S.K.: 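One structure follows; several queries about it will come next.
None of these values were measured; they are calculated from a predicted model. Just so you know, ligand 1 is whichever comes first in the structure, and atom 1 is the first atom listed for that ligand. For the numbers below, each heavy atom of this structure counts, side chains included, while hydrogens, waters and symmetry mates do not.
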Amino acid sequence: MEAVRIFGVRFDNVTASEAMRRFIAMMESGGLKTIYTPNTEIIMKAQEDPTFKQVLNEGDLVIPDGIGVVLASKIHHLGLSERVPGIELMGLMLEFCNRAGKSIYLFGGAPGIAEKASEKILSTYPNLKIVGIRDGYFKEEDVWSILDDINEKKPDILFVALGAPKQEKWIHQHKKTLNAKVAMGVGGALDVWSGTVKRAPVIYQKLGLEWFYRLLKQPSRIGRMMSLPKFMIKVILTKHIEE
Ligand code: UDP
């Protein structure tokens with residue numbers, strides 16, 4: 001199956017390498033293309049926010065991030081191939097940009113985070129070009145100068161790290177004005193790249209317990225993380241989870 005719906009959110013049924021093929025095709029097509037990576041928390045947010053659901057569903061590539069999405073697919077036999085964490089797809093995209101000499105713009109995170117992330121990214125991928133950096137704490141009146149800066153730098157990829165739903169809505173709102181080939185919402189990925197937040201060790205990732213590691217490290221996320229058990233209960237109690 002090409003696409004799978006979970007509580008009305010459309011996911012493209014792709015493996016990481018298929019997602020990369022789609023991304024490379026996007027780089028060659030005209031106009032700005034969008035990539036979103038919803039997890040269970042985002043699906044639950046979209047239930048209360050129909051505009052957000054619509055924005056996600058208009059994404060050009062929407063991949064399943066997080067173990068909950070894959071579990072829901074398994075329980076209801078929806079046939080999703082695999083989990084494709086946004087941070088991993090971002091890594092593959094950076095690797096591609098490094099090989100192809102493409103340019104990126106990092107937008108989001110607390111002041112200083114994108115700078116730190118860019119140093120780390122460049123030390124791993126020295127051939128890619130980071131043409132612009134901008135933190136994610138801005139006033140509404142700054143939006144035009146942010147757009148001007150991005151459009152002047154014309155990055156191949158714009159990574160937007162404002163958290164969900166802000167980043168997806170921002171990309172959607174400015175889709176027609178943005179001069180980039182691909183825009184992707186990456187949540188807390190710049191925090192991870194900057195070294196401020198550590199990603200869970202591989203063993204947690206393999207066991208599908210990345211959420212648990214995050215909870216141990218950032219117990220203040222408990223409120224947000226309750227969306228995972230709420231999502232799973234909804235998955236179990238709902239007969240047809242597509243709608
Ligand atoms: N953020 C931002 N501007 C805002 C709100 C959030 O730049 O107005 C950043 C925040 O600093 C963090 C990211 O957005 O780097 C959201 O991270 P979170 O851990 O919520 O994302 P997740 O990966 O869980 O979606």
S.K.: Does any non-hydrogen side-chain atom of M20 lie less than 4.5 Å from one of E95?
M.R.: no
S.K.: What residues, two or more places apart in sequence or in another chain, satisfy salt bridge (Lys or Arg N to Asp or Glu O under 4.0 Å) together with E88?
M.R.: R199
S.K.: Are the aromatic rings of F52 and Y36 close, with centres under 6.0 Å apart?
M.R.: no
S.K.: So if I apply the side-chain contact (heavy atoms from CB on, under 4.5 Å) rule between M184 and each of I171, L61, L89, which one comes out positive?
M.R.: L89
S.K.: When you compare the side chain of M90 with that of L190, does any pair of heavy atoms fall below 4.5 Å?
M.R.: yes
S.K.: Pairs under 3.5 angstrom, nitrogen or oxygen on both sides, ligand 1 versus protein: list them out, please.
M.R.:
| from | atom 1 | to | atom 2 | distance (Å) |
| --- | --- | --- | --- | --- |
| ligand 1 | 1 (N) | Y137 | OH | 3.3 |
| ligand 1 | 3 (N) | G136 | O | 2.7 |
| ligand 1 | 7 (O) | G109 | N | 2.8 |
| ligand 1 | 7 (O) | A161 | O | 3.3 |
| ligand 1 | 8 (O) | K166 | NZ | 2.8 |
| ligand 1 | 11 (O) | Y137 | OH | 3.0 |
| ligand 1 | 14 (O) | A161 | O | 3.1 |
| ligand 1 | 14 (O) | G163 | N | 3.3 |
| ligand 1 | 15 (O) | D191 | OD1 | 3.4 |
| ligand 1 | 15 (O) | D191 | OD2 | 2.6 |
| ligand 1 | 19 (O) | R221 | NH1 | 3.2 |
| ligand 1 | 20 (O) | R224 | NH1 | 3.0 |
| ligand 1 | 20 (O) | R224 | NH2 | 3.2 |
| ligand 1 | 21 (O) | G188 | N | 3.1 |
| ligand 1 | 23 (O) | G188 | N | 2.8 |
| ligand 1 | 24 (O) | R221 | NH2 | 3.0 |
| ligand 1 | 24 (O) | R224 | NH2 | 3.1 |

S.K.: Return the orientation label for the F212 and Y204 ring planes: parallel under 30°, perpendicular over 60°, tilted otherwise.
M.R.: parallel
